[in-house]
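This one's a predicted model, so the numbers in the text were calculated from it and none came from an experiment. Indexing begins at 1, ligand by ligand and atom by atom, following the structure's order.
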Amino acid sequence: MQVIETIAAFRQVRSRYTGLGFVPTMGYLHEGHLSLVHRAKEECGAVAVSIFVNPTQFGPNEDFAGYPRDPKRDLELLEKEQVDLVFTPSPGEIYPPGSTTVVEVGDVTEMLEGAARPGHFRGVATIVCKLFNIVQASRAYFGQKDAQQTVVIAKMVRDLDMSLDVVVCPTVREPDGLAISSRNVYLTVDERRAAVVLYRALTAAEKHFGAGERSSEALRRIMHDTLATEPQADIEYISLADRDTLRELDRVPPRGALASLAMRIGKTRLIDNCILEK
Ligand code: PAF
């Protein structure tokens, strides 16, 4: 496994590989990231992972400074997975003085996470575009946990005629259903117990959808009523939206819909989602 810090060195080494699979991360790796690495290894001749906590996707009052970091452990995990290349640039390498160009994907960035975190998706699209240009992969792997991020990136790839496939992999969950996330470390023991209500709300919606409920209002209410059983849950949004446009729906169409939730428990903001489809 080669660990490379500069764009120039990465480009030089990268030219030895064809059919590269790419997993972009912000480090503090967990089973969710490793599931993406496994899938990339299954499908590609070689695998590159980037570790970069991207400052431009954090708002001024968000957790950039405190975002969990453990580069030593990350590299040990990736070595064990026999990843070929790891790109670990500094912020100055990625954003040298005078770097002002950004990527604005537009409509699908406006709602949900985009409304709650202004500028977030400009930061995500810009860094992912830059990493795609540096890594030159054939396929890039993202988790369904960040559903809107996958929609934004897929749209950027289409709109800018980038020649790689975006592969979306299932959310990896703890045994009680909580989606695995680097931010789960912020939760106290009591908050961690309470956090599972997100998954319970989604499974309640799935159950009623399975029983034939197609009214979005009814399904949103079911998720709301489940979240409301947890006194620590401070609900931010409950959405039942089109899977591609992310516009809110009146009824779930035959092709299904994206149910997504955001809430705070204490100081921690948590998101989760599921696809409601037959
Ligand atoms: O999902 C993440 O970890 C980040 O948003 C990504 C895609 C690595 C861009 O910084």
Residues Y67, Y28; criterion ring-ring contact (aromatic ring centres under 6.0 Å, His included); working and verdict = CA-CA 9 Å; Y67 193 82; Y28 209 69; 7.6 Å; no
Name the one of R247, R220, E248 that satisfies side-chain hydrogen bond (donor to acceptor under 3.5 Å, both in side chains) with S239?
-> E248
Who's the nearest protein heavy-atom neighbour of atom 3 (O) of ligand 1, and how far?
-> M26 CG, 3.6 Å
Closest to atom 4 (C) of ligand 1 (heavy atoms only, candidates H120, Q57, K130) is Q57
Identify the protein heavy atom lying closest to atom 1 (O) of ligand 1, giving its residue, its atom name and the separation to 0.1 Å.
-> Q149 NE2, 2.8 Å
Classify the contact between T25 and ligand 1 as side chain, backbone, both or neither, using a heavy-atom distance cut-off of under 4.0 Å.
-> backbone
Quick one: sort the F87 and F10 rings into parallel, tilted or perpendicular, breaks at 30° and 60°.
-> tilted
Quick one: do the T56 and N54 side chains pair a donor with an acceptor below 3.5 Å?
-> yes
In terms of the angle between their ring planes, are F52 and Y95 parallel, tilted or perpendicular, with boundaries placed at 30° and 60°?
-> tilted
Counting from 1 in the order shown, the ligand 1 atoms closer than 4.0 Å to a non-hydrogen atom of I127 are 9 (C), 10 (O)
